[in-house]
Amino acid sequence: MKASNMFAPTLREVPADAEIISHKLMLRAGMIRKTASGVYTYLPLAWRSIRKIEEIVRQEMDAKGGQEVLMPAVQPAEIWQESGRWNVYGAELWRVKDRNGRDFCLGPTHEEMISMIFRNDVRSYKQLPQLWYQIQTKYRDERRPRFGLMRSREFIMKDLYSFDLDEAGLDKSYNLMYDAYNRVFTRCGLNFRPVEADSGAIGGKGSHEFMALADAGESAILYCDTCDWAATDEIAGREPLPVEPEEMLPMEKVDTPSCGTVEDVAKFLSLPTNRIVKTMYYKADEQLVIVLVRGDRRINEIKLQSLLGCNELELADNASLSTGGQKVGYLGPVGVDKIKIYADNEVPLMYNVVVGANDGERHLLNVNYQRGDFRIDQTADLRYLEEGEQCPHCQGHVKLARGIEVGQIFKLHTKYSDSLHVNYTAEDGHERPVVMGCYGIGIGRTLAAVIEQSHDDDGIIWPMPVAPYQAVIIPVNDRETELVNTAENLYTELIAAGVEVVLDNRQERAGVKFKDADLIGYPVRITVGAKALARGNVEVRLRQNGEMQEVAVAEVKSWLQDYIAAEIAKCSIN
RNA sequence: CGGGAUGUAGCGCAGUUUGGUAGCGCAUCUGGUUUGGGACCAGAGGGCCGCAGGUUCGAAUCCUGUCAUCCCGACCA
């Protein structure tokens, strides 16, 4: 590619709406442009990198026996109604109507579609297992698109679906994908970590997320500083630690004026926050429930929602509380009889706790569940694990990091085969539901994650396997024909050798070309200048560390080929 | 969904308070000088001031509505 004709509109200034580094750099390097909120056009440089990531994904999927298909982005409402998700998915499902008013959606994912295909054409156990995948544009009408390709409404995603005879087959498929994902992200040059995860709206039990570690990440992950346990904050939890028994003191009601929060109460009573029990009213599908948690803990609404099995969960507003004369900040479980009470596992073990008195600005001291002071209908792990707590699996301690979710793998079991009646005929002649798994990779998000992890003040530093081009040749002065000719010849030779190289033949001063080269992030820069050329050399500079060396013109091709091969090898497994 | 902010040239912004017919930097084009880290001089082109309505002799500016974009929050009792 010659830069004079390359469409890479680099910017000196960043558009004001870019917030994180990868978004800014992709805009500045002329890789993407915004078309609407959360909808982007991929310009040539971004598209080249995207295709490289896709290719890595294809190779690793194929290596596990995956077969690529392409399904429609537009899906009829009927199949979503059949699975029940038309109503469950919520506002993020991008619904559209055709000219006749028929309902469709732009697919956020393709479980329904692929299940239909399977249902129509696969009958026998002899045809299993199957691993089908697709790479395509998907849609989620995000409540708040942000951070460029990181959280967009239209995005490119690889989804693979596995169909197995039984759980053992699913485990095998799942493990194949677990391995494939490690290979994919390693080959993309990412610093990542697989973590135990919640399966969310897609459903099913058993899931890992692949997290690229980055401060700009939207997910929090907890990991052990000693063993290799790691999980998202959404599901991380542990059994309560044993509590020292105490003498149960008589319950007492005290005035606690203007103490609206746990911190206020703790301060007012000179007690640590872990001696208090928080009482939270939630509205779960319009049903009021109470949730109790230790004062210094945070309720994990994802855990709560999956326990309650409700579609919508929100904290109750003041209006729905005031009926009983209760006051936010002074709520408690004592004396409550009509509302179901859920408690985090730690709560029933606690002695002499403080709770709201449900009586003006007062709290109750020395409340003991074990004495029967209040009722709990169900206990469960309902809180977030916090940094610094003991690891759930060893004596180590929990650390917190941020990550970008670039992939997730799920065991769906028979969730969709049951609702959509996806069966096969087993060896014994009976119909059985097929056991499914699904495995996603956010292609654009992976690209963003790479940049997020690999850049400096001047621009992007591409890992070789996903760089849009491997090298750039810069003749330093375009009036000197010897420089220009050498650069041209080198370019022709490298192209013939299969090197992905750009010749920056623009009528620009050297400084402009250097700045653009750094911004775009070509891994190797070949500078053709008079001084070195007098010695028969060109300068070769590495983007990743700025190292510069002279290489004889005749040696450049083999030098580059070696370097590229070595860099790609650095990002490979085995 | 709630709150806040912003929409003026491709990008970044000023002008709005106090209404008088639109400006700066970068980018673009032309000519010249320059040529190893975003050059300089001279000139030029480019804007329905988000959109719609209203007030006014006159609106980027005031009023109403609407759309879009961005940020923060989405309840810790």
Residue A/A36, side-chain atoms from C-beta onward, closest of B/rU69, B/rC71, B/rC76
B/rU69
Any N or O donor-acceptor pair under 3.5 Å from the base of B/rG38 to the side chain of A/R28?
yes
Using the P atom in both, what is the distance from B/rU35 to B/rC40, to the nearest Å?
14 Å
I'd like to check A/V277 versus A/E346 (side-chain heavy atoms, cut-off strictly below 4.5 Å). Are they in contact?
no
Separation of the C1' atoms in B/rC70 and B/rG12, to the nearest angstrom:
15 Å
Describe, in one word, how the ring planes of A/Y469 and A/Y522 are oriented to each other, choosing from parallel (under 30°), tilted (30 to 60°) and perpendicular (over 60°).
tilted
Relative to the ring of A/Y139, is the ring of A/W94 parallel (under 30°), tilted (30 to 60°) or perpendicular (over 60°)?
perpendicular
Complementary nucleotide of B/rC24, counting Watson-Crick and G-U pairs under 3.5 Å:
B/rG12
Is there a Watson-Crick or G-U wobble partner for B/rG43 with both distances under 3.5 Å, and if so, which one is it?
B/rC29
Complementary nucleotide for B/rU55 - Watson-Crick or wobble, under 3.5 Å:
none
Using a 4.0 Å heavy-atom cut-off across all strands, classify A/K513 as base, sugar-phosphate, or nothing.
nothing
Paired to B/rU18 by Watson-Crick or G-U wobble criteria (both distances under 3.5 Å) is none
Could you check how far CZ of A/F147 sits from P of B/rC71, rounded to whole Å?
7 Å
May I ask you to decide if the ring planes of A/W80 and A/Y89 are parallel, tilted or perpendicular, using 30° and 60° as cut-offs?
perpendicular
A/R12 side-chain proximity, nearest of B/rC71, B/rA77, B/rC26
B/rC26
Of the candidate nucleotides B/rG12, B/rU69, B/rA77, which contains the atom at the shortest distance from the side chain of A/L331?
B/rA77
RNA chain B nearest-nucleotide lookup for A/T10 and A/S37: closer to the 5′ end is A/T10
What's the gap between B/rG54 and B/rU6 when it is taken at their C1' atoms, as a whole Å value?
23 Å
Taking only the side-chain heavy atoms of A/E263 (C-beta and beyond), determine which of B/rA77, B/rC11, B/rC70 contains the nearest atom.
B/rA77
Using the C1' atom in both, what is the distance from B/rC13 to B/rA22, to the nearest Å?
14 Å
When both hydrogen-bonding distances must be under 3.5 Å and the geometry is Watson-Crick or G-U wobble, what is B/rU61 paired with, if anything?
none
Nucleotide of B/rG12, B/rA77, B/rG38 approaching A/E13 most closely (side-chain heavy atoms):
B/rG12
What is the distance from CZ of A/R146 to C1' of B/rA5, rounded to the nearest Å?
17 Å
When both distances are under 3.5 Å in a Watson-Crick or G-U wobble arrangement, the nucleotide paired with B/rG7 is B/rC67
Could you tell me whether the side chains of A/T35 and A/T41 share a donor-acceptor contact shorter than 3.5 Å?
yes
Taking the same atom, C1', in B/rU17 and in B/rA60, what whole-Å distance lies between them?
14 Å
Looking only at atom C1', what distance separates B/rC49 and B/rC76, rounded to whole Å?
46 Å
For a quick check of understanding: with a heavy-atom distance under 4.0 Å over all strands, which category does A/V293 fall into, base, sugar-phosphate or nothing?
nothing
With sequence neighbours left out, write down each residue that passes side-chain hydrogen bond (donor to acceptor under 3.5 Å, both in side chains) with A/T10, or none if nothing qualifies.
A/D516
So, A/Y282 versus A/E301: side-chain donor-acceptor pair below 3.5 Å or not?
yes
Expressed in whole Å, how much space separates the C1' atoms belonging to B/rG2 and B/rA74?
7 Å
Tell me whether the NZ or CZ atom of A/R525 lies within the 45° cone about the ring axis of A/F514 and under 6.0 Å from its centre.
yes
Nearest to the side chain of A/P15, heavy atoms from C-beta on, is which of B/rG38, B/rA77, B/rC11?
B/rC11
Quantified in whole Å, what is the C1' atom distance between nucleotide B/rG38 and nucleotide B/rU28?
16 Å
Partner nucleotide of B/rU35 by Watson-Crick or wobble geometry (both distances under 3.5 Å)
none
Under a 3.5 Å cut-off for both contacts, is B/rC48 paired Watson-Crick or G-U wobble with anything, and if yes, with which nucleotide?
none
Over all atoms of both residues, closest heavy-atom pair of A/A29 and A/A8:
O-CB, 4.4 Å
How would you summarise protein contacts on nucleotides 30-37 of chain B per nucleotide, using B for base, S for sugar-phosphate only and - for none, with heavy-atom distances below 4.0 Å?
----BBBB
